[in-house]
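Structure first, commentary second.
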Amino acid sequence: MIFAGTHMDCGYGKIRILHDISLNATSGQVFCLLGPNGVGKTTLFKTMLGFLPLMAGSITIDGEDITSWSDRRKAQAIGYVPQVHTPPFPFTVIDVVTMGRTAHLSPVASPSKNDTKIAKEALKELGISYLSDKIYTEISSGERQMVLVARALAQQPKILIMDEPTANLDFGNQVRVLEQINRLAAQGLVVIMTTHFPDHAFLCPGTVGLLEHDRFTVGTAKEVVTEERLQRAYAVDVRIVHHTYLDIGLLHSCIPVVSGIPKSKIAEYAGSITR
């Protein structure tokens, strides 16, 4: 499956925020969107999800233009994991995940036993069945993020769009969420995610898009995530270090050159992790 945006113009009302943006995201890979605050990443996501009308260009799934699709049909094809979500009522986790079945129900129908079964399978697939009867608002932020992924999976979409899925998570939960993202992509989902951590582009194999104020660059992580581009996009001095572990292979890290820390110390650290 291929999700494609071609020559897209995106914005609010008559205000054009993005111009001539093109990207392709394919099954089995992760499309990782990078870029500083304020360049239009959220605007792009809202447009791809149909929350904002496309101002120019096209959005297709396997060549079929989806801009005229009903909200119901889009929801059956595209799952969405927001960055932050706090429901107004203390639902149980299983209730939150079952809400993902809404796209498959008629307006007056209640979830069936099969819908509940699908929700439980989504929890099981992510290894969080133990949360099923807990109150969603009382679990940790990392657990809530995994529950939102489960809710999206319960939709049984072909495409999963994730807005900063590791935001506000501790290191351990970041790793767990990234592992699940890679596993879902390997199962054939089209996964499109945005992140503020350039390292994630190396940890999620696939395609990378770097959105800047005046350009959009797409390619492999090695092609796109370079010191020059990161320095230009984020206005900070960055070094990309390549280090090899016998049991893992080649890894890449983005190391900021922080003011007040001697560059000799940064070089010493970078040298230590490459040996």
Side-chain angles (χ1 to χ4, degrees), residues 1-6 8 10 18 21-49 59 61 78-83 145-146 148-149 152-153 157-169 171 173-213 215-234 236 238 240-242 249-256:
M1 174 168 286
I2 299 176
F3 178 94
T6 305
M8 295 182 291
C10 312
L18 298 171
I21 300 295
S22 295
L23 62 87
N24 286 344
T26 61
S27 298
Q29 292 187 327
V30 178
F31 186 98
C32 186
L33 180 64
L34 302 173
N37 291 329
V39 295
K41 298 190 302 298
T42 298
T43 302
L44 178 60
F45 266 28
K46 286 182 177 179
T47 304
M48 293 192 301
L49 288 162
I59 300 174
I61 295 177
I78 304 172
Y80 175 52
V81 179
Q83 180 185 117
Q145 196 64 33
M146 296 293 278
L148 293 179
V149 176
L153 291 182
K158 301 298 182 182
I159 298 157
L160 191 58
I161 294 180
M162 313 178 81
D163 187 5
E164 296 187 39
T166 61
N168 303 316
L169 300 184
F171 179 73
N173 281 318
Q174 283 190 38
V175 172
R176 294 182 188 98
V177 169
L178 289 174
E179 287 176 341
Q180 292 296 341
I181 289 171
N182 285 337
R183 189 176 63 81
L184 293 172
Q187 291 177 352
L189 277 178
V190 177
V191 180
I192 304 172
M193 62 174 275
T194 183
T195 179
H196 280 302
F197 300 96
D199 282 341
H200 292 174
F202 293 112
L203 297 173
C204 297
T207 306
V208 180
L210 176 59
L211 186 60
E212 303 176 65
H213 288 285
R215 71 193 77 193
F216 184 50
T217 307
V218 178
T220 65
K222 185 177 180 180
E223 293 168 341
V224 175
V225 186
T226 65
E227 293 177 357
E228 178 185 358
R229 287 197 173 97
L230 293 181
Q231 289 167 8
R232 184 179 63 221
Y234 296 100
V236 294
V238 178
I240 295 180
V241 177
H242 313 279
L250 182 64
L251 296 178
H252 311 269
S253 294
C254 301
I255 301 176

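These figures come from a predicted structure and were not determined experimentally.
The main-chain N or O of R229 is never found under 3.5 Å from a side-chain atom of Y234 such that the two would form a donor-acceptor pair. A distance-only check finds a donor-acceptor pair linking the side chain of T195 to the backbone of F197 [under 3.5 Å]. For the pair K41 (side chain) and G35 (backbone), a donor-acceptor distance under 3.5 Å is present. Checked by atom type and distance alone, the side chain of S253 never pairs as donor or acceptor with a backbone atom of V241 at under 3.5 Å.
For P205, the side-chain contact (heavy atoms from CB on, under 4.5 Å) partners two or more places apart in sequence, or in a different chain, are N182. Applying the side-chain contact (heavy atoms from CB on, under 4.5 Å) test to A167 and every residue at least two apart in sequence or in another chain returns Q83, E164. Residues meeting the salt bridge (Lys or Arg N to Asp or Glu O under 4.0 Å) test with E212, sequence neighbours left out: R232. With sequence neighbours excluded, the residues that form a side-chain contact (heavy atoms from CB on, under 4.5 Å) with E179 are V175. In this structure H196 satisfies the ring-ring contact (aromatic ring centres under 6.0 Å, His included) test with no other residue, sequence neighbours excluded. Under the side-chain contact (heavy atoms from CB on, under 4.5 Å) criterion, L203 pairs with L178, H200, not counting sequence neighbours.
Of all non-hydrogen atoms in H213 and G38, the two that sit nearest each other are CE1-O, 3.8 Å. Taking every heavy atom of both residues into account, V208 and A201 meet most closely at CG2-CB, 3.7 Å.
Screening I2, L49, I61, L189 against I159 for a side-chain contact (heavy atoms from CB on, under 4.5 Å) leaves a single residue, I61.
In this structure, Q180 and V149 have side chains that are not in contact, with every pair of non-hydrogen atoms separated by 4.5 Å or more.
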